[in-house]
Number of protein chains: 2
Amino acid sequence: MSTLGHHREMSDEGPGTYGTQRKAAARNRQAIIDAAHELFAENPLVPLSEVARLAGVGAGTLYRHFPTRDDLTLAAYQHDIERLTATADEVLERHTSAKAAFVEWFETLAGYIRIKHGLGDAMHSAAVQDVVEASWEPTAAGVKKLVDACRAEGTIAAGHDPRDIIMLMSFLWRVAPTDEGVAQGRRLIATVFNGLEAPPS
Amino acid sequence: MSTLGHHREMSDEGPGTYGTQRKAAARNRQAIIDAAHELFAENPLVPLSEVARLAGVGAGTLYRHFPTRDDLTLAAYQHDIERLTATADEVLERHTSAKAAFVEWFETLAGYIRIKHGLGDAMHSAAVQDVVEASWEPTAAGVKKLVDACRAEGTIAAGHDPRDIIMLMSFLWRVAPTDEGVAQGRRLIATVFNGLEAPPS
DNA sequence: ACCTGAACACCGTTCAAGT
DNA sequence: ACCTGAACACCGTTCAAGT
């Protein structure tokens, strides 16, 4: 409503006081994300106070940037998720068979989840369900490319929603990180693929 | 090692002091389980102090009986799990088609998980993974009956491990408790069943 | 032998004071 | 405007004292 103000400083990209403060704030934000990314990988339930300590900021600063733990979790893994999405294109280019690309991509995802325990657990926990929902949106686009290629190839029937397929792969978060678990994951991916040959009911 | 003692009282089923104490302890144990069952259904993360309060026991008593939260979770849902297992037989008796029995059983499971949010969440959380593993052992037996019947019928190929099939149904814990989620669950159960027509790789 | 419940430790979250 | 970090609230867990 006010027609006056100090908007100039707010949008000033130069070394003004606010600009420096905003840059410091951005640096803090990134430091928190980096610290969370490192610590969550080891233990998704790590106290946020430790994240703040590693990031070198006060507890209040962490809460200012990320009001809930979920917000921080999403931010911490967003980059990883984006990279994973990009992989879909690359894998498709490398294979002549779309089915092989599909299987490889999901096996890569399986390995990814296996190593990044934190990511797997965090995405799986009921508490961050909403965050997962939001962050899988771009991944769904990657899966859609794989599915479309398989459909064109005739190995997957028409009508399967990429979101359905991601759901079908839920077991990937539950298989044990052992040799047996790896084999089971591979087996189950193949079984799911098999089920996709017929159209959905 | 001692040859003397008061073993008589220990095994005495009568109204002796120790007998009464043991009965009181058993009553406490059950009260805790009942309280947990009731409160977990609403909120799986309910403070254990509230469980103790509803059960009318001190915090120490709760911890004496259930050293970890997982122990209590398992105890709280064991009865439900056993009942679910028993359903497998009943459903098979009611259907001439094993496939129909298989599908109905898993759709019942889906509904069960949907209503008992607490059970679903608790079984899904990484913290209770071990408990889930242990408690699904009897359920696997129920699933095995369904699978065997389908195999005899020819709708499921030989070689599929019941544990694999339970794993494949992991999505049941993730579908939303909405009309759309219900429809999705039904669709995905059918797709999984489809994939089981071919032998595992 | 079993139980109670106060006491302790620890983590999440807020907010007054500082820059 | 943003930050620090002490203070507060809350929950898990233990243990001395009671029956």
Side-chain angles (χ1 to χ4, degrees), chain A residues 2 5-33 35-36 39-40 42-73 122 125 127-128, chain B residues 2 5-33 35-36 39-40 42-73 122 125 127-128:
Chain A
S2 98
H6 43 276
H7 292 267
R8 208 185 63 77
E9 282 99 337
M10 288 305 289
S11 57
D12 195 344
E13 304 280 72
T17 304
Y18 288 169
T20 345
Q21 279 180 342
R22 274 178 51 185
K23 265 179 85 172
R27 212 168 25 239
N28 275 340
R29 192 191 152 82
Q30 191 57 48
I32 293 166
I33 290 176
L39 295 180
F40 282 178
E42 270 181 35
N43 171 21
L45 300 176
V46 70
L48 294 186
S49 52
E50 266 190 53
V51 175
R53 205 167 50 78
L54 180 62
V57 302
T61 303
L62 191 150
Y63 279 89
R64 169 185 298 276
H65 285 289
F66 305 101
T68 73
R69 191 187 186 95
D70 290 356
D71 291 326
L72 180 54
T73 301
S125 97
V128 295
Chain B
S2 98
H6 43 276
H7 291 268
R8 209 185 64 77
E9 282 99 340
M10 288 304 287
S11 56
D12 195 345
E13 304 279 73
T17 304
Y18 287 169
T20 346
Q21 279 180 343
R22 275 178 49 185
K23 266 178 83 173
R27 208 165 31 234
N28 275 338
R29 191 190 154 83
Q30 192 56 48
I32 293 167
I33 290 176
L39 296 180
F40 282 177
E42 270 181 37
N43 170 23
L45 300 176
V46 69
L48 293 186
S49 53
E50 263 190 55
V51 174
R53 205 167 51 78
L54 180 61
V57 302
T61 302
L62 189 151
Y63 279 89
R64 169 185 298 275
H65 285 290
F66 306 101
T68 74
R69 191 187 186 93
D70 289 357
D71 291 325
L72 180 55
T73 302
S125 98
V128 295

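From a predicted model like this one, the values you see are computed outputs, not experimental measurements. So that the names make sense, note that chain A is the first sequence line, chain B the second, and so on, each numbered from 1. Because only heavy atoms are used, hydrogens play no part in the values below, and waters and symmetry mates are left out as well, while side chains stay in.
A:Asp71 places its CG atom 15 Å from the C1' atom of C:dG12, with the value rounded to the nearest Å. Between the P atom of C:dA1 and the CZ atom of B:Arg29 lies a distance of 19 Å, rounded to the nearest Å. What separates CG of A:Leu62 from P of C:dG12 is a distance of 10 Å, to the nearest Å. Across the protein-nucleic acid pair, A:Leu45 atom CG and C:dC10 atom P stand 17 Å apart, rounded to whole Å. Taking atom CZ of A:Arg53 as the reference point, atom P of D:dT4 lies 14 Å away to the nearest angstrom. Rounded to whole Å, atom P of C:dG12 lies 19 Å from atom CZ of A:Arg64. B:Phe66 places its CZ atom 15 Å from the P atom of D:dG12, with the value rounded to the nearest Å.
Here the shortest heavy-atom pairing between B:Ala52 and B:Gly58 reads CB-O, 4.2 Å. In this structure, B:His65 and B:Asn28 approach most closely via the heavy-atom pair NE2-CB, 4.3 Å. Minimum heavy-atom separation, B:Ala55 to B:Ala31: CB-O, 3.6 Å. The nearest pair of heavy atoms linking A:Ala35 to A:Val51 is CB-O, 3.7 Å.
When the nucleotides D:dC3, D:dT4, D:dC11 are ranked by their closest atom to the side chain of B:Pro47, D:dC11 comes out on top.
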What protein N or O atoms touch nucleotides 13-19 of chain D N or O atoms at under 3.5 angstrom, if any, and at what distances?
from: D:dT13; atom 1: OP2; to: B:Tyr63; atom 2: OH; distance (Å): 2.8

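Evaluation of the side chain to side chain contact (heavy atoms under 4.5 Å, CB included) rule for B:Leu45 yields B:Asn43 as partners, not counting sequence neighbours.
The closest side-chain heavy-atom distance from B:Gln30 to B:Arg27 is not below 4.5 Å. By the 4.5 Å heavy-atom criterion applied to side chains, B:Arg29 and B:Ile32 are not counted as neighbours.
With no hydrogens or angles considered, a side-chain donor-acceptor pair links B:Asp71 and B:Thr68 at under 3.5 Å.
The side chain of B:Asn28 places an N or O atom within less than 4.0 Å of a non-bridging phosphate oxygen (OP1 or OP2) of C:dC3. Note on A:His65: every side-chain N or O is 4.0 Å or more away from OP1 and OP2 of D:dC2.
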Next on the checklist: Give the dot-bracket line for DNA chain C from 5' end to 3' end: parentheses for intra-strand Watson-Crick or G-U pairs under 3.5 Å, square brackets for crossings, | for inter-strand pairing, dots for unpaired.
Outcome noted: ||.|||||...|||||.||
